[in-house]
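As structure tokens, the structure follows; a few thoughts come after it.
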Amino acid sequence: MTGVERRRRRLAVAVPSSLVSDTPHLREKTARVGLLARAAAIFRVDEVAIYLESPKASRREAEFLERILLYMDTPQYLRRRIFPVSPEMRYVGVLPPLRTPHHPLQMKKVEPISYREGLVLSLDRNWAIVDVGRPKPVRIKEVGLLPGSRVTVKIERSQKGEEFSAIPRDSVPSYWGYDVSFSGRLLGETLKRRKNEMIIMTSKYGRPISEELVSLKRELREASRLMIIFGSPQEGIKEILAREGLKPEVLSKFVLNTVPLQGTETVRTEEAVYATLGLLNIIESEEDEASKAAPGKEM
């Protein structure tokens, strides 16, 4: 599968650990996390960050969310090795496939350079034995890889054969899935530890995004990293930050209502993620087109 190029700026979304706490059955919880993962993949999100919305928030809920998100990002041929059978994984069969470039349906050998996700099985002197979804593992001459670790593999083909090397995941030129992080901290503490990121907070009580488009586009042009914050099923950003004595406006210039004139009393977090990322995608597409059309732009 030929992928779409990476975003010009790194994009992260932050969601609360209680994302599916209002859903009683494990099957439906699992399916809702699948919707979030699909949104992340569709809109080329680089990171899904999980935060605690209160000191009493369940870390078990956060760990479940983290595990299902990681499971979905993992290629099918590695899942059984990485995720042992457990009660919380009982309903992963309901999860939709991501169908991203790092989840290939079959191995193709016609491209001179391709990439695969792999799992280090063992070490043999200066070689790492890596499962990349082929009938037999491949050997990578690489120092520093540890058994059980996941690795991105670059495959270069020539008349001499194939050469395999481990590379940083973000060096793959096309979109290559998302990372998952769980800070184990409250939202305000999480944001204070992240540096040089443009922050957008979504809120029912924020300014309509249409009123902030000009300033939003201006700030986006200068940003290399962007994080979008979403509230929980029970509380919005304002209430969540109030526990830490903080206000959204103090932490971000953009507190936006991305679902104006909503016809329902509430909008679920995963629904807000789709709506917000869809709007951002349009804004960035217009930015890209304008950049290409600018005079003196090299094509």
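- The backbone N or O of Pro233 lies less than 3.5 Å from no partner atom in the side chain of Ser18, so there is not a single donor-acceptor pair.
- Between the side chain of Arg116 and the backbone N or O of His102 there is no donor-acceptor pair closer than 3.5 Å.
- A donor-acceptor pair is defined here as one N or O able to donate and one able to accept, closer than 3.5 Å; such a pair exists between the side chain of Arg9 and the backbone of Leu220.
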From CA spacing to verdict: salt bridge (charged side-chain N to carboxylate O under 4.0 Å, His left out), Arg134, Glu162: CA-CA 13 Å; Arg134 288 184 165 186; Glu162 294 180 318; 2.8 Å; yes
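- Taking the centre of each ring, Tyr91 and His25 come in below the 6.0 Å mark.
- Taking OG from Ser252 and NZ from Lys247, the interatomic distance works out to 15.0 Å, rounded to the nearest 0.5 Å.
- Looking at Ser215 and Glu212, their side chains do bring a donor and an acceptor atom within 3.5 Å of each other.
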Derivation and outcome, side-chain contact (heavy atoms from CB on, under 4.5 Å), residues His103 and Glu117: CA-CA 8 Å; His103 287 199; Glu117 284 296 286; over 6 Å; no
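- Rounded to the nearest 0.5 angstrom, Arg225 CZ and Ile199 CD1 are separated by 10.0 Å.
- Minimum interatomic distance between Pro137 and Ile129 (heavy atoms only, all atoms of both residues): CB-CG2, 3.6 Å.
- Nearest heavy atoms, Val20 versus Lys29: O-NZ, 2.9 Å.
- Looking at Thr23 and Arg32, their side chains do bring a donor and an acceptor atom within 3.5 Å of each other.
- Judged by distance alone, the side chain of Tyr115 and the main-chain N or O of Pro101 form no donor-acceptor pair under 3.5 Å.
- With a 4.5 Å cut-off on side-chain heavy atoms, Asn257 and Arg207 do not count as touching.
- A donor-acceptor contact shorter than 3.5 Å is absent between the side chain of Ser174 and the backbone of Val4.
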Verdict with supporting geometry, Arg67 and Glu88, side-chain contact (heavy atoms from CB on, under 4.5 Å): CA-CA 9 Å; Arg67 190 170 183 82; Glu88 67 178 6; 2.5 Å; yes
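- Looking only at distances, a side-chain donor or acceptor of Thr276 sits under 3.5 Å from a matching main-chain atom of Ala272.
- Put simply, the residue from Glu66, Glu61, Glu53 that forms a side chain to side chain donor-acceptor pair (under 3.5 Å) with Ser17 is Glu53.
- Under a 3.5 Å cut-off, the side chain of Glu239 and the backbone N or O of Gly236 do form a donor-acceptor pair.
- Hydrophobic clustering places Leu277 together with Leu213 (ILVMFWY residues linked when any side-chain heavy atoms are closer than 4.5 Å, directly or through intermediates).
- A heavy-atom distance below 4.5 Å is not found between the side chains of Glu189 and Ser183.
- No donor-acceptor distance shorter than 3.5 angstrom exists from the side chain of Glu63 to the backbone of Arg60, with no hydrogens or angles considered.
- Residues Thr202 and Leu256 fail the side-chain proximity criterion, which asks for heavy atoms closer than 4.5 Å.
- Put simply, Phe254 and Ile240 are part of two different groups of oily side chains (I, L, V, M, F, W, Y) that touch within less than 4.5 Å, one to the next.
- Linking ILVMFWY side-chain heavy atoms closer than 4.5 Å, directly or via other members, places Leu251 and Ile50 in two distinct hydrophobic clusters.
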Residue pair Leu187, Ile229: steps toward the side-chain contact (heavy atoms from CB on, under 4.5 Å) verdict: CA-CA 9 Å; Leu187 177 57; Ile229 316 296; 3.7 Å; yes
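- Residues Glu244 and Lys192 are not paired through a salt bridge, judged by the lack of any N-O separation under 4.0 Å between the basic side chain and the carboxylate.
- Here the side chains of Leu226 and Ile200 are in contact, with some heavy-atom distance below 4.5 Å.
- The CZ atom of Phe182 lies 8.5 Å from the OG1 atom of Thr190; values are rounded to the nearest 0.5 Å.
- Between Ser114 and Arg157, the side chains place a donor N or O and an acceptor N or O closer than 3.5 Å (distance only, hydrogens not considered).
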Steps toward side-chain contact (heavy atoms from CB on, under 4.5 Å) verdict (Asp73, Arg150): CA-CA 12 Å; Asp73 181 72; Arg150 185 168 154 180; 3.0 Å; yes
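- Side chain of Ser149 to backbone of Leu145: no donor-acceptor contact under 3.5 angstrom is found.
- The shortest side-chain heavy-atom distance between Tyr71 and Ile82 does not fall under the 4.5 Å cut-off.
- Leu36 places none of its side-chain heavy atoms less than 4.5 Å from the side chain of Met72.
- Panel note: side chain Arg193, backbone Gly188; no donor-acceptor pair is recorded below 3.5 Å.
- Counting heavy-atom neighbours within 6.0 Å of Asp124 CG, excluding the residue itself, gives a total above 12.
- In this structure, OG on Ser122 lies 12.5 Å from CG on Leu146, to the nearest 0.5 angstrom.
- Nearest heavy-atom pair, Val45 versus Tyr178, reported as atom, atom and distance to 0.1 Å: O-CB, 3.3 Å.
- Considering all non-hydrogen atoms of both residues, Leu186 and Ser54 come closest at CD2-C, 3.4 Å.
- Glu197 and Arg10 are not joined by a salt bridge, as no carboxylate oxygen comes within less than 4.0 angstrom of a charged side-chain nitrogen.
- Atom NZ of Lys217 has more than 12 heavy atoms from other residues, nucleotides or ligands within 6.0 Å.
- Side-chain contact between Asp179 and Asp46 is absent, with no heavy atoms from C-beta onward closer than 4.5 Å.
- Both Ile68 and Tyr274 are members of a single hydrophobic cluster when ILVMFWY side chains are connected at heavy-atom separations under 4.5 Å.
- Using a 4.0 Å cut-off between charged nitrogen and carboxylate oxygen, Arg194 and Glu47 count as a salt-bridge pair.
- Tracing side-chain contacts under 4.5 Å through hydrophobic residues (I, L, V, M, F, W, Y), one never reaches Val92 starting from Val85; they form parts of separate clusters.
- Between the CG atom in Leu52 and the OG atom in Ser232 there is a gap of 12.0 Å [rounded to 0.5 Å].
- Atom OG of Ser210 sits about 10.0 Å away from atom CG of Leu279, to the nearest 0.5 Å.
- Remark: Arg27 CZ is loosely packed, at most 12 non-hydrogen atoms of other residues, nucleotides or ligands lying under 6.0 Å away.
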Audit row: Lys204, Glu265, salt bridge (charged side-chain N to carboxylate O under 4.0 Å, His left out) steps and yes/no: CA-CA 10 Å; Lys204 179 179 179 179; Glu265 183 177 349; over 6 Å; no
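- Put simply, the side chain of Lys154 does not reach to within 4.5 Å of the side chain of Phe164, judged on heavy atoms.
- A pairwise comparison of heavy atoms in Leu98 and Ala41 identifies CD2-CB, 4.0 Å as the closest pair.
- The two residues Thr269 and Pro16 make their nearest non-hydrogen contact at CG2-CD, 4.4 Å.
- For the pair Arg185 and Tyr51, the cation does not sit on the ring face, since its NZ or CZ is not both under 6.0 Å from the ring centre and inside 45° of the axis.
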